Structures are given as C-alpha cells and as structure tokens.
Peer 1: 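Quick one: this structure, given as structure tokens, is what I'll be asking you about.
In this text the structure is predicted, and so the values were computed from the model without any measurement. Here is how names work: the chains are called A, B, and so on, in the same order as the sequence lines, proteins then strands, and each is numbered from 1.
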Protein chains: 2
Amino acid sequence: MVRKGGGDLGGRRSTIRDVAARAGVSASTVSRVLGGVYPVSTRTRARVQRAVRELDYVADAHAKAVAGAGTPALALVLDDITGPSFAHMARGVEREAARLGHLCLVCSTDGDTGHELGFIEMMRAQRAAAVILVGGAVDSPEYRRRMARVADSLASAGSRLVLCGRPPLAPGTPVTVIEYDNENGAFALCAHVLAQGHRRVLFLGGSPENTAAQGRERGYLAAHRARGIEPDPALRLSGDFTRDSGHRLLRRALDQGLAFTAVMAATDMVAAGALTALHEAGLSVPGDVSLAGYDDIPFARDLHPPLTTVHVPYEQLGRLAVRTSLGRTPDAPDEHLLLGTHVVIRDSVAPPAGAPL
Amino acid sequence: MVRKGGGDLGGRRSTIRDVAARAGVSASTVSRVLGGVYPVSTRTRARVQRAVRELDYVADAHAKAVAGAGTPALALVLDDITGPSFAHMARGVEREAARLGHLCLVCSTDGDTGHELGFIEMMRAQRAAAVILVGGAVDSPEYRRRMARVADSLASAGSRLVLCGRPPLAPGTPVTVIEYDNENGAFALCAHVLAQGHRRVLFLGGSPENTAAQGRERGYLAAHRARGIEPDPALRLSGDFTRDSGHRLLRRALDQGLAFTAVMAATDMVAAGALTALHEAGLSVPGDVSLAGYDDIPFARDLHPPLTTVHVPYEQLGRLAVRTSLGRTPDAPDEHLLLGTHVVIRDSVAPPAGAPL
DNA sequence: TTGAAAGCGTTACCAA
DNA sequence: TTGGTAACGCTTTCAA
C-alpha cells in the first residue's frame, strides 16, 4: 500500500537523520533548528524546515526523554473520572498542565489500593514530573507508611507526590498536600441547618473509613455540639459517595420509621439520590424535610428544589496541584495547603414544619 | 540531604547497569529476568530480583520505547472532561486501556481546533498506539481534509485515528469511526413526544455546526414529517450543550411568548437547565409542559420529574474505541461502527393539558 | 555556522 | 545460561 504525502519510508517513522539527509545537513543541525535557540544560518534553517514539512516529521518524544530533553508528563490518579467533583479536578489539572506544556496521564483505580500502587510504579517508570493522587483515602498507619515510601521513591526519581484531598503524611516527607476543608464546610452547613430549627438531622455519609467522609461527619457532629445538642447516633448512616447510595440509604431510613426533619448528605450525588427517594415517598422538600448536599456540582442548581450545599473549588484545586508540584525540587520539604469552602444557600433547607419563626 | 532506602545514587535514578553491578551480572541478564520469559538460572534470578528490590528499580519506559519494546500509550482527545457523557466515554477508554496494559494520555481542547491539531501532533511524537477523538465536530470539507491528513500521518507513524461520535471520512482513509445513532435516537424520542399529542415541540439544540446537534435535530424533524407535521422553524433554537444554555434559551422562549407544550433538549444537561427555568416560571412538568433530554446521564433520574431521555452507551463506546483500534494494522481500511440507542421513558413527558386521551 | 561522536537506558542479536 | 555489542532516535559537547 502506498502512503500519500512525501514522507514515505516504507512504513517507518521518519527520523532526524532522514530529515538531515533530505536537507543535506547533519542530524545535529536539524536538532538545532528544531530546538530553536541555536545559531543556524537562514539558508540552512529554511532547507531543514522544508524537509521537516515534506517528511511530516515530528521528533520522537521518547528518544528526547532518554536524551535528557523533553518535558515530562504529569500523572493524575483518581478513583473514577465519572464523579463530577473528580472530573472538575481533572479539568483543572489538565488545563494547567497544558498551559505549562505538559501532557497528562490519567489512571482510574476504582478504589483499589493495589491498582493505585501499580499505577504509581508505572508513573515512576514514565519519569512523570509529578504524581497527583486525588480523593479521600483510608487513613491508617499502613496508609502513611505506604505513601511515605511512595513519596520517597518518587522523589529519588526526580518526581513529586501530590496528595489532593487526602490526609497529610509525617512532617519531612517529600510530599505536597492540598486539602479543602471538609470539616469546617460541613460545620458551617450543618450550623445553617440547625439554625433553621432542625434538631434531628439525618447524616448520609460515605465509607466510614474515608477521610473525606470522616471530615464531613466531624463537622456535622461539631455543629451539633456547638449548639449543645448531642446528635442521635442512629441518625448517622454510612454508604458511599454515589447517587444510588443516597437513594438506598434514605429509603431504608424511611422504611425503618426513623424520625428526622432534615437530611445532610455527604455529597451532592448522595443528595440527589436521597431527593428522589424523598419524592418517591411523597415527601416535599423543604416542606416536609430539608436537604443539604456537599460539593456544589453544577447540577445542584437544577435539582428541585435547588440544593443548598457547600462549594468546593475543585478546578482550582487541580490547577494548584500542578502549579505547586512543578518547578519545585523533588525533595523539597513537605508543603501543606488548605483551601477554604463556603456554603451556598439555595432552596432546599427551610425551617421544619411547625417550627417557631 | 540523605535519601532513605538502599537505592541512593546521589539523586540519580538507578539504571539497569546499577542493578547488574549490584547483582554481579550483566545488564543483559537483568533485562532477561525482568522480561520474564527467558531462561535464567534460579540463583541468578534471585540475586537480580533482590538487587532490583534493594535499589527500588523500575525500568525506564522511554528507554524501553526507544529500544522498540514497551507498550505504547493511548491518547484521548476531548472537548471537556467535565461533560458527563464525555466522562463516561473517558472511563470506558481508560478502563479498557488499563485492562490491556496501556496507559492513557488525555487532552482537553475546549473546542479549539488548533489545540486539537497540536495535541494530535504531540500524540504522534509520543508514538501513541491510537488517538481517539471524541465528540461532535463541525463537518466541512476543511474538516474532512484535515482529518484525512491526520489519519494518514498517524497511520504512517504506526498509529491509528479513531473518531468517536464524529462524521466519517472518505472511504479508504485509515480511520476507525464509531458513531452512535443521533438521528434515530432523536427520531424515536420525538415520535414518543408527538404520540402523546404534542404538536408544538420546542427544540433546544446545540451549535448548528455540530454534527451531534445536527443529527438530533434531523431526528426531531423527521419524526414530525413522519406524522405529516411541518414543524414551526421558530421552535428550533440553538445554543450549546451546557446547562446554562438550556436555562437561557428556555427563559428567552418564555419571555418572547413562544407557544409550545413540550420541550426536547439536545442534551440532558440542556434539559436540566431548561427544567429549572420552567420551574422558575412556575410551570409544572409534565403538567404544563413536557420535557425530554438526550444522553441518559445518571443524574437524569434525579431530576424532578425524572427525565425521559435517550440512552447512549457511552462507556461501551469508549471500550469499543480502544478494542477496535488496538490490534489492527495501522493502515487497515476504514471501519465504521454504528451503535444503537434506545429511549428510556420516565415521567417528564405526558399528554398536553386538555389533550384527548 | 556546522559536523562527528559520545551518551542517554533499554533490548536483542550473536557468541561463548 | 550468560555476556558483549549494536541499535533505537535524539541531544550535546567538542572540534573544526
């Protein structure tokens, strides 16, 4: 089969030497005109550029990398790109990486720690400029040990570990941690709910091990205590961060006859499922029960009623992750950023029926 | 600063030669035990493996690539990872790629053709196994020319162009096209709406240039004509595929006093925005106005009322994209897959008020 | 301003 | 079963 275009070499990619030959110069010269910054005569440069065009040549990125040139890629490791908040972080990472001229590798782990470790190993093999781990994790001594080892091994390969929305490691570990304030966000949100007069607030959590879920639950608890209320433990349910979890949990609560006048979901997705369950049960929101979410995903506005929630600057988080990890020496001391959140009040939270104004 | 762990070489990554030296063997031998399939004595293998562990060694992927070994990455190019349907395709691609041992590079173009071309060039430099372009495009002679050139240039570099949800190219072009049936899906959906008795159906489209939007609009039109109805052109609005577009368009239609009893949105996101605008105007769905979407994103169930829409197998699309593009000779003839869709009936479409049963 | 040659970290061929 | 060496495609001294 015959390729179109001038650049056929029998199915072989054209190399810098092919270009050199065609332009009647040496490979070094081609490299120099492509590099852009070296002194090359105008005539030579033109000839080389023409040859490049005719051959449709692009320099092999791997060869460049091996030779010590080239821009290393960034690696993004997350649970599931399909979660709206993850997707927004991914966008931030991808955009900032592109702006800085880096390519972006992404891996989904589906929550499997083994996969995660495997991916990190691959990223080290790829000489990634940084490996960004996104999303809550199970915080345990084992987690800290494992991550510290990863951080060191990445650092010694000239790369950098970035933890986004994950618990920090021991001081001195070469890692960048960027968190958003789960606890305070949940505190503010729950305080708002309580201020409306609710006393029995159902908490629809994530996995009890997940640090993001834990932080939000701590905020829920703290807001109660700040008002001198001891929340009923029976009101704290755990599941995962999916829409289905919210739906299932709320339906079960209803079936069990649990008494509550408001629901605080660990996630907007969870809230969405819960809302549907509420509607299915013929309950009106916020007339019969109030509902609040967390994350402020774009869809939250289109729920009915529009969802009161906590805004988390996910995209900015992603941008920050790449900005702070790049242009930093691999084994810089650990660095810790905490981003603020704020509650956005819409229509899904109101005073409980029969409450005093 | 002193690195922890045995593998310190003064900040240098350890190489296969470091491992060889430590194990007292040659680099070739190390390569062989790492490769796994060559005959190596048990004793030697053990020694090498220990050295690998002690040095925390991983083979450099770039060097491997240059040497002709190694698994090439897959490249995914899309508009915006934040769109739910894109995210699901991305998940399909990423999962299937991982299953097959490939890494996945992703780039967002934000609809900029120049960026797109630039990314494709980079992917060629990366020797990507395939470049998967996702999402509707502007179909023009210029588009076809450009894509054909890209397809050839990718093919001659041993890579393969995959078009997902984009118009096909001239026969014979080395490209794989995977489409889902926009027109028939929209036809079926609109037929369902018309069957309920609606006669003035507002169409909330995407960009008039976008082929996905066009296909859906064609389905809308065809369904009308199949019933002998000539739809009022004033009822066809265009915007983009965002939630805000739906909100804005519907609000404007209302402001202008446009008469309609049903709304068909080009996208679930658009439908979500439209739904909120409807609610804000005090209109009930489907009591006053029926509403239908397209894509069947998970959220569609949690809209109120749950949204009648068209299901598109996005994740499967992604998996298929990688499966068909891998393990195929680069300049195989063009291949064209058309995936079916089906309408999922929920509660947002009902007969118009005062309609005959 | 240009070219030759060494080097980057692998793998694969050929001998031993 | 092992080691030496060439080769992969590029960049970067070093000389000219």
Side-chain angles (χ1 to χ4, degrees), chain A residues 7 9 11-49 51-52 55-72 122 124-128 156-159, chain B residues 7 9-49 51-52 55-72 122 124-127 157-158:
Chain A
L9 301 94
R12 215 167 94 298
R13 293 167 56 92
S14 41
T15 73
I16 199 171
R17 267 180 280 272
D18 297 321
V19 176
R22 183 159 196 133
V25 298
S26 75
S28 329
T29 300
V30 175
S31 176
R32 283 192 278 254
V33 348
L34 260 31
V37 295
Y38 299 86
V40 181
S41 83
T42 321
R43 226 177 96 58
T44 311
R45 154 163 297 122
R47 282 231 305 274
V48 170
Q49 285 168 339
V52 165
L55 257 29
D56 193 20
Y57 169 79
V58 260
D60 184 309
H62 298 297
K64 263 182 142 134
V66 167
T71 4
M122 287 182 138
R124 196 151 65 94
Q126 297 284 338
R127 301 194 195 175
S156 75
S159 182
Chain B
L9 303 94
R12 214 167 96 293
R13 293 166 57 93
S14 40
T15 72
I16 200 171
R17 265 179 280 272
D18 297 322
V19 176
R22 183 158 194 134
V25 298
S26 74
S28 326
T29 300
V30 175
S31 176
R32 283 191 279 253
V33 347
L34 261 31
V37 294
Y38 299 88
V40 181
S41 84
T42 322
R43 226 177 96 57
T44 311
R45 155 164 297 125
R47 281 231 305 276
V48 169
Q49 285 169 337
V52 165
L55 257 30
D56 195 18
Y57 168 80
V58 259
D60 185 308
H62 298 297
K64 263 181 141 132
V66 167
T71 4
M122 289 180 140
R124 196 152 64 95
Q126 297 285 336
R127 302 195 196 172

Peer 1: Taking all heavy atoms of B:Arg13 and all of B:Val58, pick out the closest pair and write down the distance.
Peer 2: NH2-O, 4.1 Å
Peer 1: So A:Val33, base contact, sugar-phosphate only, or nothing? Heavy-atom distance under 4.0 Å.
Peer 2: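 Contact class for A:Val33: none.
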Peer 1: What distance separates B:Ser26 OG from B:Ile16 CD1, expressed to the nearest 0.5 Å?
Peer 2: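 Interatomic distance, B:Ser26 OG to B:Ile16 CD1, rounded to 0.5 Å: 8.5 Å.
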Peer 1: I'd like a table of atom pairs between the protein and nucleotides 5-9 of chain D - only N or O on both sides, under 3.5 Å - with the distance next to each one.
Peer 2:
from: D:dC8; atom 1: O2; to: B:Val66; atom 2: O; distance (Å): 3.3
from: D:dC8; atom 1: O2; to: B:Ala67; atom 2: N; distance (Å): 3.3
from: D:dG9; atom 1: N2; to: A:Ala63; atom 2: O; distance (Å): 3.4

Peer 1: With a strict under 4.0 Å distance from non-hydrogen atoms of chain A, what nucleotide opens and what nucleotide closes the contacted stretch of DNA chain C, reading 5' to 3'?
Peer 2: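 So the outermost contacting nucleotides come out as C:dT1 to C:dG9.
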Peer 1: Rounded to whole angstroms, how far apart are OH on A:Tyr38 and P on D:dT11?
Peer 2: 9 Å
Peer 1: Counting distance only, does the side-chain N/O of B:Arg124 pair as donor-acceptor with the main-chain N or O of B:Ala157 below 3.5 Å?
Peer 2: no
Peer 1: Could you pull out the closest heavy-atom pair between B:Gly24 and B:Arg47, with the gap in Å?
Peer 2: O-NH2, 3.9 Å
Peer 1: Output the distance between atom CG (B:Leu55) and atom CZ (B:Arg22), rounded to the nearest 0.5 Å.
Peer 2: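 Rounded to the nearest 0.5 Å, the CG-CZ separation comes to 5.5 Å.
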Peer 1: Please name the pair of heavy atoms, one in A:Thr15 and one in A:Asp18, separated by the smallest distance, quoted to 0.1 Å.
Peer 2: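 In this case the closest contact between A:Thr15 and A:Asp18 is N-OD2, 2.7 Å.
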Peer 1: Can you tell me how far the CZ atom of A:Arg127 sits from the OG1 atom of A:Thr71, to the nearest 0.5 Å?
Peer 2: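 Taking CZ in A:Arg127 and OG1 in A:Thr71, the distance rounds to 12.5 Å.
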Peer 1: Side-chain N or O of B:Thr29 less than 4.0 angstrom from OP1 or OP2 on D:dT1?
Peer 2: no
Peer 1: Search all heavy atoms of A:Ala128 against all heavy atoms of A:Pro72 and return the closest pair with its distance.
Peer 2: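 It is C-CB, 4.4 Å.
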